[in-house]
2 protein chains.
Amino acid sequence: MECSVARTLDVIGERWSLLIVRDAFYGVRRFDDFRADLGIARNVLADRLGSLVARGVLERRQYEARPPRYEYVLTPKGRELLPVLLTMMRWGDRWEADDDAAPVTLTHTTCEHETTPVVTCAHCAQELSWGELRTDPIRVRIPAR
Amino acid sequence: MECSVARTLDVIGERWSLLIVRDAFYGVRRFDDFRADLGIARNVLADRLGSLVARGVLERRQYEARPPRYEYVLTPKGRELLPVLLTMMRWGDRWEADDDAAPVTLTHTTCEHETTPVVTCAHCAQELSWGELRTDPIRVRIPAR
DNA sequence: CCATTGGGTTGCTTGTTGCAACCCACTGCG
DNA sequence: CGCAGTGGGTTGCAACAAGCAACCCAATGG
């Protein structure tokens, strides 16, 4: 499909992939730690890790020779998924939070304030809303009728 | 799972849901238009639309009485998925683009410049990077060993 | 010498998808 | 009036993907 969203979903748009990436951000590196944290079946995890490595999101590194042991760490490409995770985190907090459980909060250590991630225009720094955006070429998917 | 990312994925983390939402942003409203644009099976589409309506992402509105005809439009909750779509769009553009095809560009109509969406701190307006963020409570998913 | 750990593979069963066919209510057309 | 076309689905079946449990192997610790 000739759409960047679709191509992104092709890489991470599947039940486990993004959760694996989230765990990788949280510092998880090893097979059994992913497994323990996610409760995913071993074969499915092996499959997902392999495909994320093949797509360049994770890198498989041997950190011990005998016995051979591997760890999975984010590549630069994988680290650039952070905005996707942050926006999803925010949406989930806002719309799907448990009433009783306070959500995890984020602190921006450079300004030492609790932060909410907002998506802004790289040029004028204002928050982006759909009404103020135009695609070029224009993509209106309503067929002529 | 007690994680906002996981809860978000529970709603939209499935092969078609987010593509349906993307089309809804592009103005698609009717069953057969989604179908034509996505190439999705009818039963699966009916199922996804139903679940997105049940989760409050889309609203099903009758726009014609006899014969009954319905359209699916984004709710405020659904419209707030825009940041997720924009960040995914950007990632796909950057890392999964066809070499030959120029990606769709976004123009911010308020400043009339081509824009890239960046994720910034709501407080200090700087771009957020993982190294400058702390979660609270701290979520490090590396079990003590 | 035996249990444990890391990192898997294999086989079987169950749940999801996709595809095609069908359905129903209406509209427009001749 | 009859009949094709359109919107919005449901039903049935086949193919594939995911989950679960069992097994494997190499090394390490005691």
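We name chains A, B, ... by the order of the sequence lines, and we start the count at 1 in each one. None of these values were measured; they are calculated from a predicted model.
- Contacts of B:Phe34 with the nucleic acid, taken as non-hydrogen atoms under 4.0 Å apart, are absent.
- Rounding to whole angstrom units, CG of residue A:Asp37 and P of C:dG6 are separated by 15 Å.
- Listed pair B:Tyr70 / C:dA25 fails the phosphate criterion, with no side-chain N or O lying under 4.0 Å from OP1 or OP2.
- For B:Leu45 and C:dA20, the CG to P distance is 16 Å, given to the nearest whole Å.
- Whole-Å rounding puts the A:Glu71 CD to C:dG6 P distance at 13 Å.
- Note: CG (B:Asp32) to P (D:dG9) measures 10 Å, nearest angstrom.
- Residues that satisfy the salt bridge (charged side-chain N to carboxylate O under 4.0 Å, His left out) test with A:Glu127, not counting sequence neighbours, are absent from this structure.
- Residues satisfying the salt bridge (charged side-chain N to carboxylate O under 4.0 Å, His left out) criterion with A:Arg42, sequence neighbours excluded, are A:Asp32.
- Qualifying side-chain contact (heavy atoms from CB on, under 4.5 Å) partners for A:Arg69, counting only residues two or more places apart in sequence or in other chains: A:Tyr63, A:Glu64, A:Pro67.
- Within the 4.0 angstrom heavy-atom criterion, only backbone atoms of the sugar-phosphate kind lie near A:Tyr72; the bases stay farther away.
- Atoms OH (A:Tyr63) and C1' (C:dG6) sit 7 Å apart, rounded to a whole Å.
- Pairs engaging residues 44-56 of chain A under the side chain to side chain donor-acceptor pair (under 3.5 Å) rule: A:Glu14-A:Arg48 [sequence neighbours left out].
- For the pair B:Arg29 and B:Tyr72, the cation does not sit on the ring face, since its NZ or CZ is not both under 6.0 Å from the ring centre and inside 45° of the axis.
- For B:Phe25, the ring pair (Phe, Tyr, Trp, His ring centres under 6.0 Å) partners at least two apart in sequence or on another chain are A:Trp130.
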Worksheet entry | Protein-to-nucleotide contact annotation, 5' to 3' order, nucleotides 11-30 of chain D [B base; S sugar-phosphate only; - none; under 4.0 Å, heavy atom] | BB-----SBB------SS--
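- Between the CZ atom of A:Arg35 and the P atom of C:dG7 there is a distance of 13 Å, given to the nearest Å.
- C:dG6 atom P lies 18 Å from atom CZ of A:Arg61, rounded to whole Å.
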